[in-house]
Amino acid sequence: MKLRPRHAPIALDLAVAIGLLWGLLNTGQFEQAYRLGRACRHIWPDEERVALLLAFAQVELFDGPDPDTAAVLARSSACPSWNALLARRSGAA
């Protein structure tokens with residue numbers, strides 16, 4: 001029997017923030033997700049998961065991610081399919 005690789009543990013407050021962001025996005029509350037995401041970016045400026053979720057809120061509200069978020073996404077190789085989705089949604093691809 002093969003064991004599945006475990007993900008690196010993350011801090012509880014970061015896990016809660018990501019869960020809240022995901023929940024807001026899933027319920028179409030993009031303005032609230034954007035505001036929470038901006039606050040989370042101040043706390044965790046290089047956290048890729050927060051940047052990905054914030055970018056989705058920005059794409060839904062505006063024309064695309066702001067320059068700071070776009071820079072984190074450009075450095076991120078964690079989820080190329082999410083980056084491709086954001087590019088399609090913003091009309092860049």
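All residue numbers refer to positions in the sequence shown, counting from 1. If you're wondering where the values come from, they're calculated on a predicted model, not measured in any experiment. Reckoned from all heavy atoms, side chains included, excluding hydrogens, waters and symmetry mates.
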Heavy atoms of G37 and L21 approach each other most closely as N-CD2, 3.5 Å
Residues passing the salt bridge (charged side-chain N to carboxylate O under 4.0 Å, His left out) test with R41, sequence neighbours excluded, are none
Q: Using a 4.5 Å cut-off on heavy atoms from C-beta on, say whether the side chain of L14 contacts that of V50.
A: yes
Residues pairing under side-chain hydrogen bond (donor to acceptor under 3.5 Å, both in side chains) where one sits in residues 15-27, two or more places apart or in two chains, turn out to be T27-Q29
Applying side chain to side chain contact (heavy atoms under 4.5 Å, CB included) to A55 and not counting sequence neighbours gives P65, T69, L73, L86
Here the pair of heavy atoms bringing A17 nearest to L36 is O-CD2, 4.4 Å
Residues 12-32 vs salt bridge (Lys or Arg N to Asp or Glu O under 4.0 Å), sequence neighbours excluded, gives E31-R35
E60 meets the side-chain hydrogen bond (donor to acceptor under 3.5 Å, both in side chains) criterion, sequence neighbours left out, with R89
When rounded to the nearest 0.5 Å, the distance separating CD of Q58 from CZ of F30 is 13.0 Å
CD1 of I18 to CG of L52, rounded to nearest 0.5 Å, is 9.5 Å
For a side chain to side chain contact (heavy atoms under 4.5 Å, CB included) check, start with the C-alpha distance between L53 and L24, then their side-chain angles and the critical distance, and finish with the verdict.
CA-CA 10 Å; L53 294 171; L24 289 169; over 6 Å; no
For Y34, the ring-ring contact (aromatic ring centres under 6.0 Å, His included) test, sequence neighbours excluded, returns F62
